[in-house]
2 protein chains.
Amino acid sequence: MSLEHAILGFLREGPMTGYDLKNVCFDESASHYWTADQSQVYRTLDRLESRKLIRAKRERQTTRPDRKVYSMTDAGTVELDAWIARTDPPPPLRDPFLIRLRFASDLPADDLLGLLRDRRGALQERLESLRVRSAEEPAEPPDRAALLHRLTLDAAVADVRAGIDWIDDSLELLEARIEQEDPTPPGGQSRLFSPTRGARGTVTDEGSAT
Amino acid sequence: MSLEHAILGFLREGPMTGYDLKNVCFDESASHYWTADQSQVYRTLDRLESRKLIRAKRERQTTRPDRKVYSMTDAGTVELDAWIARTDPPPPLRDPFLIRLRFASDLPADDLLGLLRDRRGALQERLESLRVRSAEEPAEPPDRAALLHRLTLDAAVADVRAGIDWIDDSLELLEARIEQEDPTPPGGQSRLFSPTRGARGTVTDEGSAT
DNA sequence: CGGTAATATATGTTCTGTCCTATACTTGTT
DNA sequence: AACAAGTATAGGACAGAACATATATTACCG
């Protein structure tokens, strides 16, 4: 359902081909909150067309293969507006990493901490790439649609940051607990230099304070 | 894959039936980071058994229908440990609400704000139920496994709070923008009493500061 | 001339997850 | 006696998504 309406949303802003939807809309514009496979896009377009929510116009091209330019119908606009006004519960958190963590109690202490640090690194990378994308957007959104797009980026950033902060808190709790369980640190190695965590601020205001 | 390993994880802590896995493990213990359908649990158990990662023992019961108690095999333990040590990228954010928001620019201002406020309410409810569940857990986790379980709860709480904070920021930005676009507030209704947002602290320290 | 990349669409297959229905036995309620 | 609720397992049907592969055209590069 969501993909259908995302496509309707994009098509309302202007006619487009399946190719553009995939490579421009989903890969470049919406990938931080929704992704879609190429095959999924084309099949969904077929379905939307057969339901008369969009309409296709085949275009002969001399320099490129033929393409089908889709545009909204009135029925499509109605359907989209109805869907947008709908309210349904926020999607539940669903993260394999938390399964791992939950059952990682038998891991050697270092591996356990390593698990968290790896995840932290991955989130940090994601945050950086979101920062880049954010920077590409106009600082002052020109219209309401641009502002809403900006808000979706903010949501993704907030999500990743929350993950990083949670990891930092978890690392602290775990390190304390591990020390308490085994009061003999292995050869001064674990406590003496700890590349564990940067200052919290570094995470929060994206590097400017490094 | 994840469900399989979640089941292996639970079974490592002790033999269990499909019924218990569904009603105790997934519905009560793990629901804040992973859920599973009843039919999915039983089918996954079948699959794990056929792959020799778990083993079933049929138990005749006089007072209740027969049940199959599953327990781990050595192969299952190996598989679980390997999976836990694996590192894969954090799941991308994937939220239909952000699709709605992104394409909601044509909505009347009040409806747009209503969309966000509704979502905020739903998240607040979720936060409350997490708070209740958190309170049921021992304040000081007795062992490492209990600590890890606690961390998963913290992750869920952090996730929901990030969502609420993001909404609050978004409401502020949107209200400013709407006012700027239409400098004539409709009959003093929108600005005079604004049930829009509680103090930020209220969200963060769960109601004690109401 | 051959290979790769970009443009453009389409289909087959598989997996995960959800919903629904069915079956069977026991206990407690009306 | 009928019915609901709890315990316990199972399977059909289907939607959404992921993965793989196929095909056609043109442009560019070595």
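Computation of the quantities below employed the complete heavy-atom set of this structure, encompassing side-chain atoms and omitting hydrogens, waters and symmetry-equivalent molecules. Reminder, nothing fancy here: chain letters follow the sequence lines and each chain counts from 1.
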Could you state the atom-to-atom distance from [atom1] of [X] to [atom2] of [N] in whole Å?
X: D46(A); N: dG16(D); atom1: CG; atom2: P; result: 14 Å
X: R43(A); N: dC14(D); atom1: CZ; atom2: C1'; result: 15 Å
X: D37(B); N: dT21(C); atom1: CG; atom2: P; result: 14 Å
X: F26(B); N: dA8(D); atom1: CZ; atom2: P; result: 17 Å
X: W34(A); N: dA17(D); atom1: CH2; atom2: C1'; result: 10 Å
X: R60(A); N: dT9(C); atom1: CZ; atom2: P; result: 13 Å
X: Y70(A); N: dA8(C); atom1: OH; atom2: P; result: 13 Å
X: R94(B); N: dG16(D); atom1: CZ; atom2: P; result: 11 Å

Inset, instruction - Taking all heavy atoms of W166(B) and all of L151(A), pick out the closest pair and write down the distance. - result: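 Closest approach of W166(B) to L151(A): NE1-O, 2.9 Å.
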Inset, instruction - For residues L148(B) and A104(A), report the shortest heavy-atom separation together with the two atoms involved. - result: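 Between these two residues, the closest heavy atoms are CD1-C, 3.8 Å.
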Heavy atoms only, 4.0 Å cut-off, all strands: where does [X] land among base, sugar-phosphate and nothing?
X: Q38(B); value: base
X: D66(B); value: sugar-phosphate
X: T17(A); value: sugar-phosphate
X: R58(A); value: nothing
X: S39(A); value: base

Inset, instruction - On DNA chain D, check which nucleotide each of E4(A) and R64(B) is closest to and give me the residue with the more 5' one. - result: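 Checking each residue's closest nucleotide, the 5'-ward one belongs to R64(B).
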Inset, instruction - Can you figure out which of dC25(C), dG17(C), dA8(C) approaches the side chain of P65(B) most closely? - result: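 Looking only at side-chain atoms, P65(B) lies closest to dC25(C).
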Legend entry - T73(A) side, atom OG1; R55(A) side, atom CZ - distance, nearest 0.5 Å: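 Separation between the atoms: 6.0 Å.
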Inset, instruction - State, without any angle test, whether S29(B) and R102(A) hold a side-chain donor-acceptor pair at a distance under 3.5 Å. - result: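 Not at all, the side chains of S29(B) and R102(A) share no donor-acceptor pair under 3.5 Å.
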Inset, instruction - Using only heavy-atom distances, determine whether the side chains of S2(A) and R94(B) contain a donor-acceptor pair under 3.5 Å. - result: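 R94(B) and S2(A) do not have a side-chain donor-acceptor pair below 3.5 Å.
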Using OP1 and OP2 only, check whether a side-chain N or O of [X] sits under 4.0 Å from [N].
X: Y42(A); N: dA10(C); result: no
X: Q40(A); N: dA18(D); result: yes
X: K68(B); N: dA10(D); result: yes

